[in-house]
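Note that this is a predicted model, so its numbers are computed, not measured.
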Protein chains: 2
Amino acid sequence: MTTQPLKAALSGRVQRPVPLRETVYETLLNLIITREFPPGRHLVESELAEQLGVSRQPVREALQRLSNEAWVDLRPGYGAFVHTPTESEADQLLAVRAVLETEAARLAALSAEPAQLEHLRELWRAGVAAVSDADVDSVVTANADFHRGVIEASGNRVLAELAAQVDRRVRWYYAPIARSRGMASWDEHAGIIDAIQAGSADEAARLMNDHTERTRLTYHDQVDGG
Amino acid sequence: MTTQPLKAALSGRVQRPVPLRETVYETLLNLIITREFPPGRHLVESELAEQLGVSRQPVREALQRLSNEAWVDLRPGYGAFVHTPTESEADQLLAVRAVLETEAARLAALSAEPAQLEHLRELWRAGVAAVSDADVDSVVTANADFHRGVIEASGNRVLAELAAQVDRRVRWYYAPIARSRGMASWDEHAGIIDAIQAGSADEAARLMNDHTERTRLTYHDQVDGG
DNA sequence: CCGAACGATTTTGTATACAGTATGCTGAGA
DNA sequence: TCTCAGCATACTGTATACAAAATCGTTCGG
């Protein structure tokens, strides 16, 4: 009879059971991002624990991590609440994101490897296809993927982690009003890739900065204009 | 008889007992930063709990936060270890810090209020005095304070929080080799303040960038040169 | 009718107990 | 002497139990 360890060894790695807090964290974050848990919602440890079929402890640890990352606010002695972003906070996040992604583009131009460039091209093609198909969800995903691609191509892991977090929060804040800028956005993406490939750091940075700035203005138009 | 709430009201704020995990977190972080817990040290929950006179739970929560902020590495099923920074990681952090502080300087030039400017001048005077006294510890502290001052003057809280964290880690990494650049550094600081006061955003950004870049080179010289 | 104080309820904060897993050691066999 | 299996140990992962704090509704007094 085939033993379990053997099967695991043959199939590659033995998958270690991920700590529950991790699973809980990702589950809760997903619920928040999808707005199943809307901003302001009161999250009770014992309720969540029961719903997820675990004890309070992992839930608690997940909530604290979410609190550190500003997804929820912890009120001592009372409970956790899904964070409600203010307008100025959202604006500040946009500014920070612009800075980080601009720097990422600059670094990518200085250090991106051929494989990474090909990856970017691939992501770009997927985005263009999504726009052509007018598939809104795919466009949003493709956009996030492309930006993550650039960030990772920077070769700076610290920057990448920071930017990824900021980016995720920005997309959450602006998800309700996020509408694609359509093909124009992907033309700009193409220009950024070209600059990265050419190793033109300043040009790549400038293009990314312009790009994020236009996106910011689009957001503001939609906020102000309804 | 005077009631408790009244006394509290008279003395100003009712001081709420800070959650233990917070106290533990700060205690541990201090021990790490001061190198009483050197990089690579194995941190055992039960040991720390006993030493601090609390249960494992708050210690655990503090360790997880420290892990999220990259101060310690958590090995599942085994233990927590004080993070050992690699050279490339330190370098990447320096780069990120430069970006964040440069942007902070730019924003400060656009939005700093007179009170904040006066505060910066004050910090500057304290720094110059420390340099004159050749008081190394004071110089280091004054330097950190000045940079924090600029960051806060940016008016961007998100940026400030990020930059503060990055800054703290950078100072930890380079603490063993950190030597003051002396008065030259404070001359540059003065220039930055002037640019901020004048509202010259690009100039302030450029000066801050040059400043952090020079500091980076100093670090590298000390690393390479011994 | 309004406001403040009191009590019940809810929820977190902390401690303890138990189970699961990684590690290192010991000893036997080649 | 080297290697590997098996065991003992140490530590974390998870669950449960108890204590303290904050909130909310109610009631009493004006």
>> Testing the basics here: between P39(B) and H83(B), what is the closest heavy-atom pair and its distance to 0.1 Å?
In response: CB-O, 3.6 Å

Starting from [atom2] on [N], measure out to [atom1] on [X] and report it in whole angstrom.
X: L63(B); N: dT12(D); atom1: CG; atom2: P; value: 8 Å
X: E61(B); N: dT14(D); atom1: CD; atom2: P; value: 14 Å
X: E22(B); N: dT12(C); atom1: CD; atom2: P; value: 17 Å
X: L48(A); N: dT12(C); atom1: CG; atom2: C1'; value: 13 Å
X: R21(B); N: dT12(C); atom1: CZ; atom2: P; value: 11 Å
X: E45(A); N: dA21(D); atom1: CD; atom2: P; value: 17 Å
X: Y78(B); N: dT9(D); atom1: OH; atom2: C1'; value: 11 Å
X: R56(B); N: dG13(D); atom1: CZ; atom2: C1'; value: 8 Å

>> Atom CZ of residue position R157(A) - does it have more than 12 heavy atoms of other residues, nucleotides or ligands inside 6.0 Å?
In response: no

Consider the side chain of [X], meaning its heavy atoms from C-beta on, and name the nucleotide among [options] that approaches it most closely.
X: S55(A); options: dT14(D), dT14(C), dG13(C); result: dT14(D)
X: R75(A); options: dG13(C), dT14(C), dT23(D); result: dT23(D)
X: H42(B); options: dC11(D), dA15(C), dG13(C); result: dC11(D)
X: R60(B); options: dG13(D), dG13(C), dT23(D); result: dG13(D)

> Taking for each residue the nucleotide of DNA chain C bearing the nearest heavy atom, is the 5' side occupied by A80(A) or by Q57(A)?
Replying inline: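 Closer to the 5' end of DNA chain C: A80(A).
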
> Out of L93(A), T215(A), L94(A), T218(A), which residue meets the side chain to side chain contact (heavy atoms under 4.5 Å, CB included) rule with Y174(A)?
Replying inline: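 Per the side chain to side chain contact (heavy atoms under 4.5 Å, CB included) rule, the option paired with Y174(A) is L94(A), out of L93(A), T215(A), L94(A), T218(A).
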
> Under 4.0 Å between a Lys/Arg side-chain N and an Asp/Glu carboxylate O for R65(B) and E22(B)?
Replying inline: yes

>> Do the side chains of E61(A) and R21(B) get close enough for a salt bridge, i.e. N-O under 4.0 angstrom?
In response: no

>> On DNA chain D, does the nearest nucleotide to V54(A) precede the nearest nucleotide to E47(B) from the 5' side, or the other way round? Give the residue.
In response: E47(B)

> Counting any heavy atom closer than 4.0 Å, what does L20(B) reach on the DNA or RNA strands: base, sugar-phosphate only, or nothing?
Replying inline: sugar-phosphate

